[in-house]
Each structure stands twice: as C-alpha cells, then as structure tokens.
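A quick write-up on the structure given underneath.
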Protein chains: 2
Amino acid sequence: MTRNTSRNVTRGDATTWAGWFRALGDPTRILILHLLATEGRPMNVGEIVDVLDVGQSTVSHHLSILGETCFVHVERVGTASWWRINDRCLACFPSAAELIMGRLPLTVPWDEPVAGGACAPGEGC
Amino acid sequence: MTRNTSRNVTRGDATTWAGWFRALGDPTRILILHLLATEGRPMNVGEIVDVLDVGQSTVSHHLSILGETCFVHVERVGTASWWRINDRCLACFPSAAELIMGRLPLTVPWDEPVAGGACAPGEGC
DNA sequence: GTGTTCGATCGACCGATGTCGATGTGTGTG
DNA sequence: CACACACATCGACATCGGTCGATCGAACAC
C-alpha cells in the first residue's frame, strides 16, 4: 500500500486504521494479548488454549489475525509455534488514536526508520 | 456494570474494552471522528452527510454508536442535532490500550472523579 | 391549519465474523 | 516404517454489522 502523506484523510486511510482497531475489537483477542503481555514470555498455542476457554482452532485463528496486524510475532520451532507480543507496535498504537483525532500530522512517527526495523500495525513486519 | 478492580482480567472486562475498540473499527466512523476533530466545532447530521459519501440513515447510525461509546456528545436544539467530539474520552483512550497490555493497574485513571464529571468510553456520560 | 425540513427509526439485504469439529500437514519419536 | 503430537486449515453454522431506501415524528415556516 502506498502511504498517504498529504493532508487529506482518505477512506483508504480510514480503512487501514479501522483495521488496527478491529483487530482489538474482540474479547478473545484482548484476552490473548493481555495474557501474552502479563506472562512476558513467548507462549505456544496449547498453553493459551489451556488458559482461555475456547477451542484450539479458534485460538489459532485469533493469533493469525493478531499476527497479520502485527500485534504479535510468531517463531516456529519444531512442531511448536511461539507467539510473543510485538512491543514496538504497542508503543506506537496510542499514536494511531491521536492520528485519527487530528492531533498528529499525517506523517506519522513510525514512518521514521528505527534500529531493529520500523513497524506499524497493518504492516507485515 | 460493576467495575472490576481485582488483578484478574475477566472476559467481561475484555468484552467492555473490545467494545471501545470496535467502535473505532469502521472506516466511516473513523472519518466522522476525524472530521469532527479537524473541524473543531459541533456539526449536524446534514453537514456530515454532505462531506462523507454515505446515506443519512447510515451517518445517523454511526453517530449513535459513537455516542453510546461516549466518543462523541450530542446536543439537540430544534430539529437539529449538534454532534461534537468528547475530548475527555479521547484523552483517556490511549490509556485503554496500555491497560490491555498490562502496563497499567486495573484501577484506571478514569476511575478518579474529575471536575465536570468522569468519563470513559463505554459509559453513558 | 398545511407543508417543509431535519434526523431517528424501521425493515431488508448481504457480506463479514466468531465459533466449533473434523481434517490436513509437517515434525519428532520409537 | 508406523505412530503421536502440535498446529494450521477447512467446512459449516449462527450471529453480527454496514448499508440503503422508506417511513415516522418533532420542530419550524407560512
């Protein structure tokens, strides 16, 4: 996607931003994120299924969504998938809210390259 | 709803938080919020319909959702409805993200009474 | 009074989404 | 090799959600 740096907010911009919020718009995904954040370590699918009261395929599905929006990362080793919070995306997420409210210029902070690689929700990082 | 001040995040908490994010999870609502924020003044439904390329009933519907989650306020005078951004809710919204990530204690800032009335997304204020 | 304007509400349509159980796929083990 | 395990993917189902046109109700103008 080409990034819009003009002053006008297009419906495309709005769709992108809405996608980030929608990723957080489900209770199960909130619980998964909170679990990963409070545990402070990578967890595999089975562990998450044991804590949450939902099926394995459902957890896998939600992790996939969180991964696409870049809120979590996965590292596959053997038969296990180790999922962990993407701290960088969480740090820039409050900026997304202010961006929507017009409190930030449309050239957003995460446009600047950062050591370790820039990252924003919605980008495949 | 009784507010949970314990250390555990229940599915009820997660549902409440997810509701706030879901309110921002639609492009049209993002555009409405951005419009109200950048205009910096109350707007009526007709004005918003003229700017956005959606029907009047759709705009009215979205404004209602944003009102329920307390992101906007409405003042009805005559036949007009004047909608405006709820600055207080926007200020505390980034805290909601950090709350989910376990960076804030569950006794959140907006529990503290504030002159003019406390307010949080999800509360009828 | 009649007519007009503004906005909320209704009903319908249809695509998106959350959930589950079942199956598939790749990895490791004996 | 066969088998077990962890996870992704599939198919089905029910529900939710966004949109529209039409209608309704209240306030205003004449």
Side-chain angles (χ1 to χ4, degrees), chain A residues 11-12 14-36 41-69 71-84 122 124, chain B residues 11-12 14-36 41-69 71-84 122 124:
Chain A
R11 178 162 281 270
T15 302
T16 300
W17 303 345
W20 303 342
F21 287 109
R22 209 178 320 116
L24 300 182
D26 178 80
T28 302
R29 288 197 287 273
I30 295 286
L31 290 174
I32 291 175
L33 276 181
H34 190 82
L35 177 63
L36 288 173
R41 61 182 178 90
M43 300 180 72
N44 60 44
V45 180
E47 287 179 300
I48 300 174
V49 171
D50 289 342
V51 176
L52 277 56
D53 195 23
V54 288
Q56 175 262 319
S57 63
T58 301
V59 169
S60 186
H61 175 230
H62 286 306
L63 284 170
S64 171
I65 291 176
L66 290 173
E68 289 173 5
T69 26
F71 284 107
V72 298
H73 279 166
V74 61
E75 183 186 3
R76 307 186 195 274
V77 40
T79 66
S81 292
W82 295 99
W83 297 85
R84 61 180 171 85
Chain B
R11 178 163 281 269
T15 302
T16 300
W17 303 345
W20 303 342
F21 287 110
R22 210 177 319 117
L24 301 183
D26 178 80
T28 302
R29 288 196 287 272
I30 295 286
L31 291 174
I32 291 175
L33 277 181
H34 190 81
L35 177 63
L36 287 173
R41 63 181 177 90
M43 299 180 72
N44 60 45
V45 179
E47 286 179 301
I48 301 175
V49 171
D50 289 341
V51 176
L52 276 56
D53 196 24
V54 288
Q56 175 261 317
S57 63
T58 301
V59 169
S60 187
H61 176 230
H62 285 307
L63 284 170
S64 171
I65 291 177
L66 290 173
E68 289 173 5
T69 26
F71 284 107
V72 297
H73 279 167
V74 61
E75 182 186 4
R76 308 187 195 273
V77 40
T79 66
S81 292
W82 295 98
W83 296 85
R84 60 180 172 84

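Hydrogens, waters and symmetry mates play no part in the numbers below; they use all other heavy atoms, side chains included. Just so it is clear: chains get the letters A, B, ... in the order the sequence lines come, proteins before strands, and each one is counted from 1.
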Base, sugar-phosphate or nothing for [X]? Non-hydrogen atoms, less than 4.0 Å.
X: A:Ser81; result: sugar-phosphate
X: A:His62; result: sugar-phosphate
X: B:Thr28; result: sugar-phosphate
X: A:Trp82; result: nothing

Does [N] have OP1 or OP2 under 4.0 Å away from a side-chain N or O of [X]?
X: A:Thr79; N: D:dC5; answer: no
X: B:Arg22; N: D:dG17; answer: yes
X: A:Arg76; N: D:dA8; answer: yes
X: B:Arg29; N: D:dG18; answer: yes

Starting at atom NE2 of B:His61, determine the distance to atom P of D:dC16, rounded to an integer number of angstrom. 13 Å

What is the distance from atom [atom1] of [X] to atom [atom2] of [Y], rounded to the nearest 0.5 Å?
X: A:Thr58; Y: A:Leu63; atom1: OG1; atom2: CG; result: 11.0 Å
X: A:His62; Y: A:Ile30; atom1: NE2; atom2: CD1; result: 11.0 Å
X: B:Thr69; Y: B:Phe21; atom1: OG1; atom2: CZ; result: 12.5 Å

Taking [X] for the side chain and [Y] for the main chain, is one N or O donor matched with an acceptor at less than 3.5 Å?
X: A:Glu68; Y: A:Ile65; answer: no
X: A:Arg29; Y: A:Leu66; answer: no
X: B:Arg22; Y: A:Gly25; answer: yes

Select one nucleotide: of D:dA8, D:dG18, D:dG17, the one nearest the side-chain heavy atoms of B:Asp26. D:dG18

Dot-bracket, 5' to 3', for DNA chain D please: Watson-Crick or G-U pairs under 3.5 Å, [ ] where pairs cross earlier ones, | where the partner sits on another strand, dots elsewhere. ||||||||||||||||||||||||||||||

Closest nucleotide of DNA chain C for B:Ser57 versus for A:Thr58: which of these residues is on the 5' side? B:Ser57

Within the supplied structure, the quantity of interest is the number of heavy atoms (other residues, nucleotides, ligands) at a distance under 6.0 Å from B:Asp50 CG; does it exceed 12? yes

Using a 4.0 Å cut-off on heavy atoms, which residues in residues 41-54 of chain A reach DNA chain D? List them by number, or say none. A:Asn44, A:Val45, A:Gly46

Got a donor-acceptor pair under 3.5 Å from the side chain of A:Gln56 to the base of D:dA6? no

Quick one: how far along DNA chain C does chain B reach, first to last nucleotide 5' to 3', anything under 4.0 Å to a heavy atom? C:dC6 to C:dT9

